[in-house]
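A short write-up of the structure that comes next.
Heavy atoms only: backbone and side chains are in, while hydrogens, waters and symmetry mates are out.
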Amino acid sequence: MSVNIAIDGPAGAGKSTIARKLAAELGFVYVDTGAMYRALAYHFLSCGIAPENGEAVAAACKGADVTIAYADGEQQVFLNGENVSGKIRTEEVGNMTSAVSVYPAVRAKLVEIQREIAAKSDVIMDGRDIGTCVLPGAQVKIYLTAGTATRAKRRYDELTAKGQACDLAKIERDIEDRDYRDMHREVSPLRQADDAVLIDSSQMGIDEVVAAIREVYEGVCGR
Ligand code: DC
(Lines give C-alpha, C1' and ligand atoms only; values in the text may rest on other atoms or scores of the structure.)
Protein backbone atom coordinates (compact mmCIF):
# COMPACT_ATOMS: atom_id res chain seq x y z
CA MET A 1 0.00 0.00 0.00
CA SER A 2 1.31 3.47 -0.83
CA VAL A 3 2.07 6.02 1.88
CA ASN A 4 0.17 9.29 1.59
CA ILE A 5 1.03 12.57 3.29
CA ALA A 6 -1.69 15.22 2.97
CA ILE A 7 -0.85 18.89 3.48
CA ASP A 8 -3.68 21.41 3.48
CA GLY A 9 -3.80 25.08 4.30
CA PRO A 10 -4.52 28.55 2.99
CA ALA A 11 -2.69 30.32 0.13
CA GLY A 12 0.84 31.40 0.94
CA ALA A 13 1.36 29.20 4.01
CA GLY A 14 4.38 27.62 2.26
CA LYS A 15 2.77 24.30 1.43
CA SER A 16 4.36 23.77 -1.99
CA THR A 17 7.91 24.77 -0.98
CA ILE A 18 7.77 22.54 2.07
CA ALA A 19 6.03 19.61 0.35
CA ARG A 20 8.54 19.70 -2.53
CA LYS A 21 11.50 19.66 -0.14
CA LEU A 22 10.15 16.88 2.05
CA ALA A 23 9.20 14.80 -1.02
CA ALA A 24 12.80 15.04 -2.27
CA GLU A 25 14.12 13.98 1.17
CA LEU A 26 11.76 11.00 1.46
CA GLY A 27 11.81 9.98 -2.21
CA PHE A 28 8.06 10.58 -2.52
CA VAL A 29 6.18 12.04 -5.48
CA TYR A 30 5.06 15.61 -4.84
CA VAL A 31 1.58 16.40 -6.16
CA ASP A 32 0.58 20.07 -6.30
CA THR A 33 -3.20 19.88 -6.69
CA GLY A 34 -3.52 23.67 -6.88
CA ALA A 35 -1.70 23.52 -10.23
CA MET A 36 -4.39 21.16 -11.53
CA TYR A 37 -7.16 23.57 -10.46
CA ARG A 38 -5.18 26.41 -11.98
CA ALA A 39 -4.88 24.57 -15.33
CA LEU A 40 -8.66 24.15 -15.47
CA ALA A 41 -9.20 27.81 -14.53
CA TYR A 42 -6.75 28.81 -17.27
CA HIS A 43 -8.87 26.80 -19.69
CA PHE A 44 -12.04 28.65 -18.60
CA LEU A 45 -10.28 32.01 -18.94
CA SER A 46 -9.05 31.06 -22.43
CA CYS A 47 -12.64 30.13 -23.37
CA GLY A 48 -13.85 33.54 -22.12
CA ILE A 49 -16.09 31.97 -19.47
CA ALA A 50 -17.18 34.16 -16.54
CA PRO A 51 -16.56 32.58 -13.12
CA GLU A 52 -20.22 33.13 -12.13
CA ASN A 53 -21.43 31.00 -15.05
CA GLY A 54 -21.53 27.58 -13.39
CA GLU A 55 -23.27 25.90 -16.30
CA ALA A 56 -20.64 27.04 -18.80
CA VAL A 57 -17.88 25.99 -16.39
CA ALA A 58 -19.39 22.51 -15.99
CA ALA A 59 -19.79 22.16 -19.78
CA ALA A 60 -16.21 23.34 -20.41
CA CYS A 61 -14.89 20.74 -17.93
CA LYS A 62 -15.84 18.06 -20.43
CA GLY A 63 -13.48 19.51 -23.04
CA ALA A 64 -10.53 19.84 -20.69
CA ASP A 65 -8.07 17.04 -20.14
CA VAL A 66 -5.72 17.77 -17.21
CA THR A 67 -2.69 15.53 -16.65
CA ILE A 68 0.56 15.84 -14.77
CA ALA A 69 4.05 14.56 -15.51
CA TYR A 70 7.49 15.11 -14.02
CA ALA A 71 10.55 16.70 -15.65
CA ASP A 72 13.75 16.71 -13.53
CA GLY A 73 11.58 15.98 -10.50
CA GLU A 74 9.39 19.05 -11.11
CA GLN A 75 5.66 18.60 -11.64
CA GLN A 76 4.43 19.83 -15.02
CA VAL A 77 0.73 20.25 -15.70
CA PHE A 78 -0.77 19.70 -19.12
CA LEU A 79 -4.05 21.00 -20.48
CA ASN A 80 -5.23 19.08 -23.53
CA GLY A 81 -1.64 18.03 -24.18
CA GLU A 82 -0.14 21.52 -23.81
CA ASN A 83 2.28 22.17 -20.94
CA VAL A 84 0.66 25.18 -19.23
CA SER A 85 2.90 25.16 -16.12
CA GLY A 86 4.43 28.53 -17.05
CA LYS A 87 1.06 30.21 -17.61
CA ILE A 88 -0.89 29.41 -14.46
CA ARG A 89 1.00 31.34 -11.77
CA THR A 90 -0.48 34.80 -12.36
CA GLU A 91 -2.77 36.55 -9.85
CA GLU A 92 -5.49 36.56 -12.55
CA VAL A 93 -5.40 32.77 -12.85
CA GLY A 94 -5.12 32.40 -9.04
CA ASN A 95 -8.25 34.45 -8.41
CA MET A 96 -10.17 32.68 -11.19
CA THR A 97 -9.08 29.35 -9.73
CA SER A 98 -10.43 30.14 -6.30
CA ALA A 99 -13.72 31.32 -7.86
CA VAL A 100 -14.29 28.23 -10.04
CA SER A 101 -13.06 25.63 -7.59
CA VAL A 102 -16.43 25.98 -5.80
CA TYR A 103 -18.15 23.99 -8.57
CA PRO A 104 -18.76 20.25 -7.99
CA ALA A 105 -18.02 19.44 -11.66
CA VAL A 106 -14.56 20.99 -11.36
CA ARG A 107 -13.76 19.21 -8.10
CA ALA A 108 -15.11 15.80 -9.13
CA LYS A 109 -12.95 15.79 -12.23
CA LEU A 110 -9.71 16.53 -10.41
CA VAL A 111 -10.32 14.52 -7.23
CA GLU A 112 -10.60 11.34 -9.27
CA ILE A 113 -7.23 11.92 -10.94
CA GLN A 114 -5.62 12.80 -7.59
CA ARG A 115 -6.86 9.61 -5.93
CA GLU A 116 -5.53 7.50 -8.79
CA ILE A 117 -2.06 9.02 -8.43
CA ALA A 118 -2.02 8.54 -4.64
CA ALA A 119 -3.10 4.90 -4.93
CA LYS A 120 -0.14 4.10 -7.19
CA SER A 121 2.72 5.98 -5.48
CA ASP A 122 3.97 7.29 -2.15
CA VAL A 123 2.90 10.92 -2.37
CA ILE A 124 2.98 14.20 -0.58
CA MET A 125 -0.10 15.94 -1.89
CA ASP A 126 -0.91 19.55 -1.07
CA GLY A 127 -4.13 21.47 -1.52
CA ARG A 128 -7.21 22.55 0.40
CA ASP A 129 -9.23 19.32 0.78
CA ILE A 130 -6.65 16.55 0.69
CA GLY A 131 -6.95 15.36 4.29
CA THR A 132 -10.71 15.95 4.48
CA CYS A 133 -11.91 14.71 1.09
CA VAL A 134 -9.35 13.45 -1.44
CA LEU A 135 -7.33 11.16 0.86
CA PRO A 136 -9.29 10.75 4.11
CA GLY A 137 -7.18 7.65 4.87
CA ALA A 138 -3.82 9.42 4.48
CA GLN A 139 -1.35 8.15 7.09
CA VAL A 140 -0.12 11.70 7.81
CA LYS A 141 -2.24 14.85 7.69
CA ILE A 142 -0.87 18.33 8.22
CA TYR A 143 -2.74 21.63 8.34
CA LEU A 144 -0.15 24.29 7.55
CA THR A 145 -1.08 27.89 8.14
CA ALA A 146 0.45 31.33 8.85
CA GLY A 147 -0.90 34.81 9.62
CA THR A 148 -2.41 36.80 6.74
CA ALA A 149 0.22 39.56 6.90
CA THR A 150 3.05 37.00 6.83
CA ARG A 151 1.53 35.20 3.84
CA ALA A 152 0.97 38.47 1.95
CA LYS A 153 4.56 39.59 2.57
CA ARG A 154 5.90 36.22 1.35
CA ARG A 155 3.85 36.51 -1.84
CA TYR A 156 4.98 40.13 -2.29
CA ASP A 157 8.65 39.15 -1.93
CA GLU A 158 8.17 36.25 -4.38
CA LEU A 159 6.61 38.49 -7.07
CA THR A 160 9.11 41.30 -6.50
CA ALA A 161 12.00 38.85 -6.84
CA LYS A 162 10.56 37.86 -10.22
CA GLY A 163 10.53 41.56 -11.21
CA GLN A 164 6.72 41.81 -11.15
CA ALA A 165 5.30 45.11 -9.90
CA CYS A 166 2.78 44.53 -7.11
CA ASP A 167 1.01 46.18 -4.21
CA LEU A 168 1.29 44.62 -0.76
CA ALA A 169 -2.11 45.90 0.45
CA LYS A 170 -3.85 44.49 -2.63
CA ILE A 171 -2.12 41.12 -2.23
CA GLU A 172 -3.30 41.01 1.40
CA ARG A 173 -6.90 41.82 0.35
CA ASP A 174 -6.77 39.14 -2.38
CA ILE A 175 -5.47 36.58 0.14
CA GLU A 176 -8.28 37.43 2.57
CA ASP A 177 -10.89 37.11 -0.23
CA ARG A 178 -9.40 33.82 -1.39
CA ASP A 179 -9.28 32.42 2.18
CA TYR A 180 -12.90 33.39 2.68
CA ARG A 181 -14.03 31.73 -0.56
CA ASP A 182 -11.91 28.61 0.01
CA MET A 183 -13.18 28.23 3.60
CA HIS A 184 -16.85 28.99 2.99
CA ARG A 185 -17.67 27.17 -0.23
CA GLU A 186 -20.27 24.44 0.00
CA VAL A 187 -18.22 21.61 -1.53
CA SER A 188 -15.03 20.53 0.27
CA PRO A 189 -14.25 23.81 2.02
CA LEU A 190 -10.75 24.37 3.38
CA ARG A 191 -10.68 23.19 6.98
CA GLN A 192 -8.38 21.28 9.27
CA ALA A 193 -9.22 17.56 9.29
CA ASP A 194 -10.00 16.30 12.79
CA ASP A 195 -6.92 14.07 12.70
CA ALA A 196 -4.56 16.62 11.11
CA VAL A 197 -1.58 18.12 12.95
CA LEU A 198 -1.69 21.93 12.99
CA ILE A 199 1.53 23.78 12.15
CA ASP A 200 1.66 27.60 12.15
CA SER A 201 4.66 28.62 10.06
CA SER A 202 4.46 32.38 10.84
CA GLN A 203 7.59 32.26 12.99
CA MET A 204 9.24 29.21 11.40
CA GLY A 205 11.79 28.81 8.62
CA ILE A 206 11.32 26.31 5.76
CA ASP A 207 13.72 23.74 7.21
CA GLU A 208 12.05 23.91 10.60
CA VAL A 209 8.65 23.16 9.09
CA VAL A 210 10.08 20.33 6.96
CA ALA A 211 11.67 18.82 10.08
CA ALA A 212 8.41 19.16 12.04
CA ILE A 213 6.43 17.30 9.37
CA ARG A 214 9.14 14.69 9.05
CA GLU A 215 8.91 14.07 12.77
CA VAL A 216 5.16 13.50 12.47
CA TYR A 217 5.76 11.14 9.53
CA GLU A 218 8.45 9.17 11.39
CA GLY A 219 6.20 8.94 14.44
CA VAL A 220 3.51 7.32 12.33
CA CYS A 221 5.46 5.32 9.73
CA GLY A 222 8.83 4.76 11.44
CA ARG A 223 12.23 5.79 10.08
O1 DC B 1 -2.58 26.28 -3.91
P2 DC B 1 -2.91 27.29 -5.01
O3 DC B 1 -2.78 28.73 -4.59
O4 DC B 1 -2.18 27.01 -6.28
O5 DC B 1 -4.49 27.04 -5.30
C6 DC B 1 -5.23 27.89 -6.12
C7 DC B 1 -6.70 27.75 -5.82
O8 DC B 1 -7.13 26.42 -6.16
C9 DC B 1 -7.12 27.92 -4.37
O10 DC B 1 -7.48 29.25 -4.11
C11 DC B 1 -8.29 26.99 -4.20
C12 DC B 1 -8.13 25.97 -5.28
N13 DC B 1 -7.77 24.65 -4.78
C14 DC B 1 -8.78 23.85 -4.29
O15 DC B 1 -9.93 24.29 -4.25
N16 DC B 1 -8.51 22.58 -3.88
C17 DC B 1 -7.26 22.11 -3.90
N18 DC B 1 -7.03 20.85 -3.50
C19 DC B 1 -6.20 22.91 -4.39
C20 DC B 1 -6.48 24.19 -4.80
Side-chain angles (χ1 to χ4, degrees), residues 7-17 19 31-68 74-114 125-130 132-134 148 151-152 154-160 162-191:
I7 303 182
D8 291 302
K15 297 187 298 295
S16 53
T17 308
V31 183
D32 168 8
T33 61
M36 301 165 88
Y37 283 90
R38 284 171 180 268
L40 264 190
Y42 175 78
H43 176 64
F44 305 141
L45 278 172
S46 311
C47 297
I49 294 170
E52 305 78 36
N53 191 345
E55 276 181 24
V57 166
C61 276
K62 297 194 181 103
D65 181 35
V66 175
T67 52
I68 61 169
E74 278 293 307
Q75 175 182 304
Q76 306 291 315
V77 61
F78 293 80
L79 172 68
N80 293 333
E82 181 199 351
N83 187 344
V84 292
S85 310
K87 297 179 174 172
I88 57 171
R89 295 287 159 200
T90 64
E91 292 301 286
E92 185 194 17
V93 174
N95 290 328
M96 179 71 171
T97 309
S98 173
V100 298
S101 58
V102 302
Y103 296 116
V106 169
R107 309 205 67 82
K109 185 178 183 89
L110 298 180
V111 167
E112 194 186 328
I113 305 170
Q114 291 156 9
M125 190 174 278
D126 82 14
R128 304 292 190 287
D129 60 340
I130 310 306
T132 52
C133 164
V134 181
T148 317
R151 292 186 284 127
R154 285 179 187 162
R155 183 76 189 131
Y156 174 84
D157 290 345
E158 213 176 281
L159 290 171
T160 311
K162 282 190 210 158
Q164 288 183 33
C166 55
D167 171 18
L168 182 59
K170 175 158 189 330
I171 291 177
E172 191 160 344
R173 278 196 307 277
D174 280 351
I175 283 188
E176 282 167 355
D177 288 350
R178 200 184 295 185
D179 284 356
Y180 186 87
R181 273 199 304 262
D182 291 350
M183 291 174 181
H184 291 86
R185 66 182 177 220
E186 235 168 84
V187 190
S188 307
L190 168 64
R191 67 170 185 86

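- Salt bridge annotation for Asp174-Arg155: absent, with no cationic side-chain nitrogen under 4.0 angstrom from a carboxylate oxygen.
- Using a 4.5 Å heavy-atom threshold, the side chains of Leu40 and Val57 count as separate.
- At least one side-chain heavy atom of Ile88 sits less than 4.5 Å from a side-chain heavy atom of Val77.
- Residues Met125 and Thr33 are in side-chain contact: their nearest non-hydrogen atoms beyond the backbone lie under 4.5 Å apart.
- Put simply, the side chain of Asp129 reaches to within 4.5 Å of the side chain of Arg107, judged on heavy atoms.
- Considering every non-hydrogen atom in both Gly14 and Arg154, the closest pair reads N-NH1, 4.3 Å.
- Side chain of Asn83 to main chain of Gln76: no donor-acceptor pair is present (N/O by atom type, distance under 3.5 Å, no hydrogens or angles).
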Mind listing the side-chain donor-acceptor pairs of residues 97-105 below 3.5 Å, one per line with the distance, residues two or more places apart or on another chain?
unit_1, atom_1, unit_2, atom_2, d
Thr97, OG1, Val93, O, 2.5
Ser98, OG, Arg181, NE, 3.0
Ser98, OG, Arg181, NH2, 3.4
Ser98, OG, Asp182, OD1, 3.1
Ser101, OG, Thr97, O, 3.0
Ser101, OG, Ser98, O, 3.1
Ser101, OG, Arg185, NH1, 3.3
Tyr103, OH, Pro51, O, 2.5
Tyr103, OH, Glu52, O, 3.4

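- Between the CG atom of Leu190 and the CZ atom of Arg178 there is a distance of 12.0 Å, given to the nearest 0.5 Å.
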Subject >> Step-by-step side chain to side chain contact (heavy atoms under 4.5 Å, CB included) determination, Leu110 to Val66 >> reply: CA-CA 8 Å; Leu110 298 180; Val66 175; 4.2 Å; yes
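- Of the charged side-chain nitrogens involved, at least one lies within less than 4.0 Å of a carboxylate oxygen, so that Arg89 and Asp32 count as a salt-bridged pair.
- Ion pairing between a basic and an acidic side chain is recognised when a charged N comes within 4.0 Å of a carboxylate O; Glu92 and Lys87 show no such pairing.
- At a threshold of 4.5 Å between non-hydrogen side-chain atoms, the residues Phe78 and Ile68 do not count as touching.
- Between Glu172 and Thr148 the shortest heavy-atom distance is CG-CG2, 4.0 Å.
- For the pair Ser188 and Thr132, the minimum side-chain heavy-atom distance is 4.5 Å or more.
- The pair Asp179-Arg151 meets the salt-bridge criterion, since a charged nitrogen lies less than 4.0 angstrom from a carboxylate oxygen.
- Met96 approaches Ile49 most closely through the heavy-atom pair CE-O, 3.4 Å.
- When all heavy atoms of Lys109 and Cys61 are compared, the closest pair comes out as NZ-O, 2.8 Å.
- Arg128 and Tyr37 share no donor-acceptor pair across their side chains, judged by distance under 3.5 Å alone.
- Between Cys47 atom SG and Tyr42 atom OH the span is 10.5 Å, to the nearest 0.5 Å.
- Counting heavy atoms from C-beta outward, Gln114 and Met36 have side chains that approach closer than 4.5 Å.
- When every heavy atom of Leu159 is checked against every heavy atom of Cys166, the shortest pair comes out as CB-SG, 3.8 Å.
- The nearest pair of heavy atoms linking Ala152 to Ile171 is O-CG2, 3.8 Å.
- To the nearest 0.5 Å, atoms CG (Asp8) and CZ (Arg191) are separated by 10.0 Å.
- Within a 6.0 Å radius of NZ in Lys162, other residues, nucleotides and ligands contribute more than 12 heavy atoms.
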